[in-house]
Amino acid sequence: MRIVSAGQFQLKREVDYGSPEQNAIVKTIVNAVKNEGDAALLRYTEQLDGMKLLPETLRVTKEEMRAAYNQVESSFVAAISAAAANIRAYHARQKRNSWMDLQPDGSMLGQVIRPLKRVGVYVPGGKASYPSSVLMNVIPAQVAGVPEIVMVTPPATSGKAGIDPYILVAAAEAGVNEIYRVGGAQAIAALAYGTESIAPVDKICGPGNIYVALAKREVYGAVDIDSIAGPSEIAVLADDSADPAYVAADLLSQAEHDEMASAVLVTTSESFAKACQAEVQRQLAELPRRDIAAASIEKYGVILLVDSIEEGIGVINQLAPEHFELMVEEPMAYLGLVENAGAIFLGPYSSEPVGDYFAGPNHIIPTNGTARYSSPVDVDDFIKKSSLIYYSKEALLKNGETIMELARREGLEGHARAIEIRMRKEGKAGNVDDNQS
């Protein structure tokens, strides 16, 4: 990791919308599934995943779900169950209620909050297998009250069309019982538009490769999506009270995700910066995914020197990182200055993986600077709101002239007359000829 002063650092955001060829492939797949249903879904599953399926074998059976428990360690079942309980408890505090406010004139205003009816969760397969992401997508939707949650995940690329048993156990522990062994852009299209075997959903969430991301972007509008996620990010702001070994380990915890991940250390101490630089190299040599992490650190790893904690937080607010660790002597004293961060970790023992797996907050967090205006996945992502208006006669007669004035200033006479006809009937006439063009 190179060490530079914050003044020499230039922030460059890169948003990957895929190559023209990748976009063209995704459009072709999405349109085929939209128009042909199961036939296209099965064709692309065979072509891209090397697995020949029949419509009746798309859905994972209850027997497969039960059998998955025999293929994983009991310690994993206990761990995923405990994590699920923490995640559920945290998200339960986010739940909203409908409300109504009765006015003195007899009018009533309010908001009706309802859950989405059906949500689709995409879970990557192959090299990327993340049982924790099953919990992070499913549990907020359940807390919101979504009655139908369907999961899709790619089948094995050889042999029987099985699903990673850890994924199936996580799904079972989260309470999902509708799972299909399909992946890629074809699975996103099936969720969005429906096929003979898979009913369409209202929203699609969950991570995936570039083809999944582009497919989500392609179907947005027909359904809602969570986001187009970029590579993982971590930024650490530390003074010389921090432990270099802790900081280096946390930086590498994100660098090992993929070669595009970024790890940034901001510090007030040059000696601490050099100690962390050395510690990253020492730990990197022992990391099983060291080739991936090394590529990330080489291209997107940097240590920034600042003159004060306040200046450092200014840098963090500019970065708007996905994960932000505040490793200074009195972290709570500076928390109020942090404006842009997806998740904030305070103190030496709040390591980023605590949030990734167990503490309770969601680990699906805005990336690529979008924490400037967006938030982690939560219960609000799975609800919809309807405004509620009950206007009394008294309120209409009192405010009718004002409403007509606003409508006519916009040239919408029909709007004005919809009010005026009621006022005339109640004996408080306006002038239908006023302000007409």
Side-chain angles (χ1 to χ4, degrees), residues 15-55 57-60 118-130 133-134 137-138 149-158 161-164 167 171 176 178-231 257-258 260 364 367-368 377:
V15 180
D16 187 1
Y17 290 119
S19 68
E21 293 78 14
Q22 289 171 326
N23 276 277
I25 290 170
V26 166
K27 285 180 182 289
T28 299
I29 294 172
V30 168
N31 287 331
V33 174
K34 181 180 180 180
N35 295 322
E36 301 175 45
D38 275 352
L41 181 62
L42 296 171
R43 183 171 71 249
Y44 283 113
T45 298
E46 182 175 7
Q47 178 182 326
L48 300 175
D49 291 326
M51 187 57 59
K52 187 175 180 63
L53 300 174
L54 299 172
T57 59
L58 280 171
R59 185 163 179 171
V60 174
R118 184 170 168 85
V119 168
V121 175
Y122 188 93
V123 179
K127 294 180 181 178
S129 178
Y130 301 118
S133 287
V134 175
N137 281 287
V138 169
I149 300 174
V150 53
M151 196 175 92
V152 294
T153 190
T157 54
S158 61
I163 304 296
D164 185 324
I167 294 292
V176 181
E178 185 180 352
I179 304 173
Y180 298 92
R181 60 184 101 245
V182 288
Q186 62 270 27
I188 298 299
L191 290 174
Y193 301 112
T195 72
E196 295 87 341
S197 298
I198 302 176
V201 302
D202 301 312
K203 181 166 187 167
I204 301 171
C205 53
N209 63 18
I210 184 62
Y211 294 99
V212 170
L214 292 176
K216 286 167 72 176
R217 192 167 65 126
E218 182 71 18
V219 303
Y220 177 64
V223 294
D224 191 17
I225 62 172
D226 50 356
S227 65
I228 306 295
H257 267 294
D258 69 58
M260 298 290 289
I364 304 169
T367 60
N368 207 41
V377 165

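Nothing fancy with the numbering, it's 1 onward along the sequence. All figures in this text were calculated on a predicted structure; none of them were measured in a lab. We use all heavy atoms of the structure for the numbers below, so side chains are in, but hydrogens, waters and symmetry mates are not.
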Counterpart residues, salt bridge (charged side-chain N to carboxylate O under 4.0 Å, His left out), relative to D202 (two or more places apart): none
Stepwise side-chain contact (heavy atoms from CB on, under 4.5 Å) check, T153 with D164: CA-CA 9 Å; T153 190; D164 185 324; over 6 Å; no
A187: side-chain contact (heavy atoms from CB on, under 4.5 Å) partners, not counting sequence neighbours: Y122, V152, V182
Closest non-hydrogen atom pair, Y44 against T28: OH-CG2, 3.7 Å
Salt bridge (Lys or Arg N to Asp or Glu O under 4.0 Å): pairs with one or both residues in residues 23-34, sequence neighbours excluded: K27-E218
Value rounded to 0.5 Å, distance of CD1 in I188 from CD1 in I204: 5.0 Å
Nearest heavy-atom neighbours spanning R181 and I163: CB-CD1, 3.7 Å
Closest heavy-atom pair and its distance - P124, P154: C-CD, 4.0 Å
A192 to P200 - nearest heavy-atom pair and separation: O-CB, 3.8 Å
Partners meeting side-chain contact (heavy atoms from CB on, under 4.5 Å) with E178 (sequence neighbours left out): R59, R118, V150, Y180
Derivation of the side-chain contact (heavy atoms from CB on, under 4.5 Å) call for V26 and I210: CA-CA 10 Å; V26 166; I210 184 62; over 6 Å; no
Atom pair NZ/CG of K203 and L191 - distance to nearest 0.5 Å: 13.5 Å
Point-to-point distance, once rounded to the nearest 0.5 Å, from CG of N35 to OH of Y193: 9.5 Å
Partner residues of T57 under the side-chain contact (heavy atoms from CB on, under 4.5 Å) criterion, sequence neighbours left out: L53, L54
From N137 atom CG to I149 atom CD1, the distance as rounded to the nearest 0.5 Å: 9.5 Å
Electrostatic pair K216-D226, nearest N-O below 4.0 angstrom: yes
V134/V121 under side-chain contact (heavy atoms from CB on, under 4.5 Å): CA gap, chis, key distance, verdict: CA-CA 8 Å; V134 175; V121 175; 5.9 Å; no
Minimum side-chain heavy-atom gap P55-L42 below 4.5 Å: yes
Distance (rounded to the nearest 0.5 Å) between S19 OG and L214 CG: 8.0 Å
With T195 via side-chain hydrogen bond (donor to acceptor under 3.5 Å, both in side chains) - residues at least two apart: D38
Over all atoms of both residues, closest heavy-atom pair of A189 and V30: CB-CA, 3.8 Å
Inter-residue atom distance I29.CD1 - L41.CG, 0.5 Å rounding: 11.0 Å
Least distance between heavy atoms, K52 atom then E46 atom: NZ-OE1, 3.8 Å
Short side-chain to backbone donor-acceptor contact, N209 and G184, under 3.5 Å: no
